[in-house]
Colleague: 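This is the structure I have questions about; it appears just below.
Residue numbers begin at 1 in each chain, while the letters A, B, ... track the order of the sequences.
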Amino acid sequence: MIKPGEYIRDIFAQPVGTVLVARGWVKTRRDSKGISFVQISDGSCFTDLQVVIEAGTLPPETLEQITTGACVEFTGTLVESPAPGQPVELKASGCTVHGAAHPSSYPLQKKGHTMEFLREIAHLRPRANTFGAVFRVRNALSYAIHRFFQDRGFIYIHTPIITTSDCEGAGALFQVTTLDVAAPPRLADNAVDYTHDFFGKPAYLAVSGQLEAEILALAMANVYTFGPTFRAENSNTPRHLAEFWMVEPEMAFCDLDDDVELAQEFLQYIIRYVLDTCEADLAFFAKRIEPTVVETLEHVAQASFERITYTEAIRVLEASGRSWEFPVEWGSDLQAEHERYLTEEVFRRPVVVTDYPRQIKAFYMRVNDDEKTVRAMDVLVPRIGEIIGGSQREERPQVLRERLKECGLPEEPYWWYLQLREYGTVEHAGFGLGVERMMMYLTGMKNIRDVIPFPRTPGSADF
RNA sequence: UCCAGAGUAGCUCAAUGGUAGAGCAGCCGGCUGUUAACCGGCGGGUUACAGGUUCGAGUCCUGUCUCUGGAGCCA
């Protein structure tokens with residue numbers, strides 16, 4: 001394996017004259033009379049290592065196998081490059097070709113491919129510049145998420161992937177079953193008899209870990225989850241996946257103001273971290289994907305977010321003098337066009353909208369003293385829309401019961417959730433960040449399917 | 001799921017209802033240092049699939065599939 005100090009990233013930091021080994025995959029090769037130039041990458045950094053092969057150095061049968069896509073291992077000396085384009089290069093003395101890649105059938109060319117085509121070859125696209133950069137940024141983002149919470153004493157918890165409560169109200173669920181779907185056992189009334197199913201009742205993939213995270217928060221104060229979630233919605237957009245990753249912090253002794261403040265600190269921290277550690281990758285995104293991406297991130301990392309209530313947002317929209325496709329009316333949810341107008345045109349930066357009408361929000365959100373709104377917050381950012389959704393949770397048992405009833409939900413499955421309010425309740429709050437939405441914001445990538453290695457969408461779960 | 005657009009060579013795209021083409025990639029050759037290298041040559045097609053209209057369909061009609069954009073749902 002490649003050990004620390006041996007990555008191509010590390011090789012660039014070695015002094016000229018060092019004899020070393022470089023391993024990776026061939027990006028491209030150029031030939032002149034008597035000399036060949038091979039660029040290799042091991043994914044450790046954006047920049048390829050240029051290997052120079054002078055005529056006669058390698059046997060012809062080795063040389064002819066060094067083609068785009070091949071896996072190679074060079075030995076050589078690090079030398080100053082006489083030509084512009086790279087400060088150092090490897091002067092090859094030997095080469096082992098671990099795996100050739102037949103050039104006439106290897107699908108990745110050295111020139112531009114569409115994102116749609118690359119998506120069809122997800123087993124090879126990590127070797128493309130764009131996807132190497134995307135997955136390095138994804139790694140940095142993941143690390144920054146943990147570091148932010150760990151530095152603040154949050155406990156990393158794991159909430160279940162499989163759940164038997166189908167009543168969270170957060171969209172369609174994937175059912176998990178070991179029954180024979182062609183011929184399930186049936187009851188007298190022909191309904192499926194789930195007592196024979198694996199869990200003895202219907203089970204689903206979780207759409208959120210929030211309710212369980214609240215359990216841990218009411219024991220360990222500050223906790224967070226970071227894992228996959230699943231939505232069986234038939235949504236076909238550049239912003240939705242059926243399987244995506246979500247970060248959900250949950251804090252006891254926390255109200256909505258604290259919640260909003262943490263969300264802002266959190267976003268700014270991870271943006272700063274990626275700016276500081278992924279400079280070359282971000283420069284590439286700015287050059288080839290989205291020109292404004294770096295300046296936007298620099299700006300957002302420092303500027304405080306705009307904060308308005310839902311009621312104020314409605315007033316702003318009404319006063320805009322625009323004609324909306326969907327009417328602006330207190331009591332109905334903000335549409336995509338409204339959110340975009342607020343964050344992209346009015347404020348031109350992230351906007352936190354709080355205190356939404358109770359009838360359009362989930363049962364667990366804390367009812368305000370005005371009885372009409374709940375302590376919900378959405379963080380909206382230009383180009384993406386909603387990137388964070390959160391709330392202060394209803395900690396009063398009577399009010400929570402009323403809200404369940406109001407939302408048409410039975411109390412029984414929530415017996416433990418209600419009991420948390422009976423035994424040692426405290427005000428608490430949390431939010432959810434969609435990791436892939438954040439990735440789109442960080443990279444400027446236009447389609448969410450291109451910021452996760454193996455996207456799952458309706459009708460598509462290949463690889 | 002709804003609305004709109006698209007599907008032609010490995011990739012990106014041309015082609016008034018009348019002989020399916022180009023650039024790139026690949027292959028062969030050339031060039032003493034290339035940087036999306038460059039120059040010359042060569043091969044490359046069930047026009048997404050199934051029907052239909054027509055003397056004749058890549059082109060028009062119907063259906064299906066896939067992709068893209070917008071909307072809804074949301075992170």
Colleague: Would one find a side-chain N or O of A/T114 under 4.0 angstrom from OP1 or OP2 of B/U12?
Modeller: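 The answer is yes; a side-chain N or O of A/T114 sits under 4.0 Å from OP1 or OP2.
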Colleague: Taking side-chain hydrogen bond (donor to acceptor under 3.5 Å, both in side chains) as the criterion, tell me which of A/H240, A/R449, A/R138, A/R239 meets it with A/E436.
Modeller: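 Only one of A/H240, A/R449, A/R138, A/R239 forms a side-chain hydrogen bond (donor to acceptor under 3.5 Å, both in side chains) with A/E436, namely A/R138.
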Colleague: Check the distance between B/U66's C1' and A/D462's CG and give it to me in whole angstrom.
Modeller: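 Computing the A/D462:CG to B/U66:C1' distance gives 12 Å.
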Colleague: Need one value for A/H240: base, sugar-phosphate or nothing, where a base atom within 4.0 Å counts as base even if backbone is also close, heavy atoms only.
Modeller: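 Base, at least one base heavy atom under 4.0 Å.
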Colleague: Name the nucleic acid region contacted by A/E325, choosing base, sugar-phosphate or nothing; use a 4.0 angstrom heavy-atom cut-off, strictly under.
Modeller: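 A/E325: no heavy atom of the nucleic acid under 4.0 Å.
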Colleague: With C1' as the reference atom in both, quote the distance from B/U8 to B/U1 in angstrom, rounded to an integer.
Modeller: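 Roughly 31 Å separates the two C1' atoms.
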Colleague: Does the aromatic ring of A/F244 sit over the six-membered base ring of B/A75, closer than 5.5 Å centre to centre and tilted less than 30°?
Modeller: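 The ring of A/F244 is stacked on B/A75.
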Colleague: Any side-chain N or O of A/S32 under 4.0 Å from OP1/OP2 of B/G33?
Modeller: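 Yes, such a contact exists.
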Colleague: Quick one: A/I40 CD1 to B/U35 C1', roughly how many Å, whole number?
Modeller: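 It works out to 16 Å between those atoms.
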Colleague: Does the side chain of A/N236 get closer than 4.0 angstrom to OP1 or OP2 of B/C73 through an N or O atom?
Modeller: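 The answer is no; no side-chain N or O of A/N236 sits under 4.0 Å from OP1 or OP2.
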Colleague: Which is true for A/P82 with a 4.0 Å heavy-atom rule: it touches a base, it touches only sugar-phosphate, or it touches nothing?
Modeller: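 The answer is base, as A/P82 lies within the cut-off (heavy atoms under 4.0 Å) of a base atom.
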Colleague: So does A/Q335 get a side-chain nitrogen or oxygen closer than 4.0 Å to the phosphate oxygens (OP1/OP2) of B/G72?
Modeller: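 Result: yes.
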Colleague: Rounding to an integer number of angstrom, what distance separates B/G58 and B/C13 when you compare their C1' atoms?
Modeller: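 Here B/G58 and B/C13 have their C1' atoms 14 Å from each other.
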Colleague: With pairs defined as Watson-Crick or G-U wobble and both distances under 3.5 angstrom, please note down RNA chain B as a dot-bracket string, | for pairing with another strand.
Modeller: (((((((..((((....[..)))).(((((.......))))).....(((((..]....))))))))))))....
Colleague: Check whether A/F148 forms a cation-pi arrangement with A/R152 (NZ or CZ under 6.0 Å from the six-membered ring centre, at most 45° off the ring normal).
Modeller: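 Yes, A/R152 lies over the aromatic ring of A/F148.
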Colleague: Do A/E116 and B/U12 share a donor-acceptor pair, side chain to base, under 3.5 Å?
Modeller: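 Result: no qualifying N/O pair found.
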Colleague: Counting any heavy atom closer than 4.0 Å, what does A/G432 reach on the DNA or RNA strands: base, sugar-phosphate only, or nothing?
Modeller: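 Counting heavy atoms under 4.0 Å across all strands, the contact made by A/G432 is with sugar-phosphate only.
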Colleague: Under 4.0 Å between a side-chain N or O of A/R437 and OP1 or OP2 of B/A75?
Modeller: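 Looking at the OP1 and OP2 atoms of B/A75, neither is under 4.0 Å from any side-chain N or O of A/R437.
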